[in-house]
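Below is one structure; the comments refer to it alone.
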Amino acid sequence: AQSVAQPEDQVNVAEGNPLTVKCTYSVSGNPYLFWYVQYPNRGLQFLLKYITGDNLVKGSYGFEAEFNKSQTSFHLKKPSALVSDSALYFCAVRDGRGSTLGRLYFGRGTQLTVWP
Amino acid sequence: NAGVTQTPKFRVLKTGQSMTLLCAQDMNHEYMYWYRQDPGMGLRLIHYSVGEGTTAKGEVPDGYNVSRLKKQNFLLGLESAAPSQTSVYFCASSSQTTGEQYFGPGTRLTVT
């Protein structure tokens, strides 16, 4: 079964400091991994994805994520956090099998707060 | 380019009433999805569609029905609303090849 775990409900970081939002996954076969961000009262916005290739994936708004196959992790990172990065972040894994191709399994989300 | 749109944005229903939520996408995506989002629960898949005329159940399908008569539209129906269906509903679509889903702005539904 496909699943994603985000072990931290909340992450707090000071502006200018690096941030990490953690994600681990369980999937049959090769994982397709995604990060989304949700601002208050908005839909989810796609940040980045890992399909294959380099383990470090760069995405929107200066975010990047590191794929680690041995640790089954896909942590989201940013070298210098901004107050405007404060939002809810979701990790997701794609099911690549048969008729469910395209379906994403989401984690429960991590609330990131960046204080000035 | 509107992307994914949802109608309505807000709705209040009484228990037992019915309603239909409309999702439209203009990206010619094959796949479409309906999710509900509840505090602390993340996003849970209700139903999804891999093509026109085809639908399938997700994690929490009970109490909902869907239809995809046109490729660009995906309708979510509640035949007899219950307070447990109070939630924020999101529609999404994705391409068969690229995988990432694009989300609509959501519909906030309250059932009293």
Side-chain angles (χ1 to χ4, degrees), chain A residues 1-10 21 23 25 27 29-53 57 59-60 63 65 74 87-111, chain B residues 2-7 9-10 21 23-25 27 29-51 53-61 68 74 87-109:
Chain A
Q2 331 295 320
S3 66
V4 165
Q6 293 181 242
E8 300 159 317
D9 291 335
Q10 291 235 347
V21 182
C23 171
Y25 67 88
V27 66
N30 294 324
Y32 292 3
L33 295 156
F34 304 82
W35 276 102
Y36 285 83
V37 60
Q38 184 181 31
Y39 297 100
N41 301 313
R42 304 287 296 275
L44 276 70
Q45 295 179 30
F46 169 72
L47 275 180
L48 52 81
K49 67 180 178 183
Y50 171 84
I51 302 295
T52 186
V57 179
S60 305
F63 283 94
F74 189 56
L88 187 58
Y89 290 81
F90 290 96
C91 182
V93 64
R94 174 175 171 174
D95 184 338
R97 299 171 301 164
S99 63
T100 58
L101 189 67
R103 177 177 171 175
L104 290 182
Y105 295 82
F106 286 86
R108 295 194 170 196
T110 298
Q111 180 66 48
Chain B
V4 180
T5 58
Q6 293 183 233
T7 309
K9 288 186 168 51
F10 303 93
L21 282 66
C23 175
Q25 53 96 3
M27 295 173 282
H29 284 165
E30 296 83 3
Y31 302 145
M32 296 187 74
Y33 314 83
W34 276 107
Y35 294 91
R36 60 178 289 173
Q37 184 179 28
D38 303 289
M41 302 292 289
L43 275 80
R44 292 183 291 170
L45 184 64
I46 304 171
H47 286 280
Y48 63 102
S49 170
V50 298
T54 302
T55 63
K57 295 180 179 180
E59 295 175 70
V60 288
R68 189 146 178 224
F74 195 29
S87 188
V88 181
Y89 292 85
F90 288 101
C91 176
S93 70
S94 67
S95 161
Q96 189 174 8
T97 53
T98 60
E100 62 267 26
Q101 294 181 11
Y102 293 87
F103 283 78
T107 295
R108 187 173 294 275
L109 175 66

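Proteins come first, then strands; the chains are lettered A, B, ... in the order of their sequence lines, and each starts at number 1.
The side chain to side chain donor-acceptor pair (under 3.5 Å) check on A/Q38 picks up B/Q37, with sequence neighbours excluded. Not a single side-chain contact (heavy atoms from CB on, under 4.5 Å) links B/K9 to another residue, sequence neighbours left out.
Using a 4.5 Å heavy-atom cut-off against chain B, the contacting residues of residues 41-51 of chain A are A/N41, A/R42, A/G43, A/L44, A/F46, A/K49.
When heavy atoms are compared at a cutoff of 4.5 Å, B/L45 approaches chain A solely by way of its side chain, counted from C-beta outward.
For residues 31-41 of chain B, the set of pairs meeting the salt bridge (Lys or Arg N to Asp or Glu O under 4.0 Å) definition, not counting sequence neighbours, comprises B/R36-B/D38, B/D38-B/R44.
For B/Y35 against A/L104, the heavy-atom pair with the smallest separation is OH-O, 4.0 Å.
Side-chain contact between A/Y36 and B/E100: present, with at least one pair of heavy atoms (C-beta onward) separated by less than 4.5 Å.
For the atom pair A/F106 CZ and B/E59 CD, the distance stands at 10.5 Å (nearest 0.5 Å).
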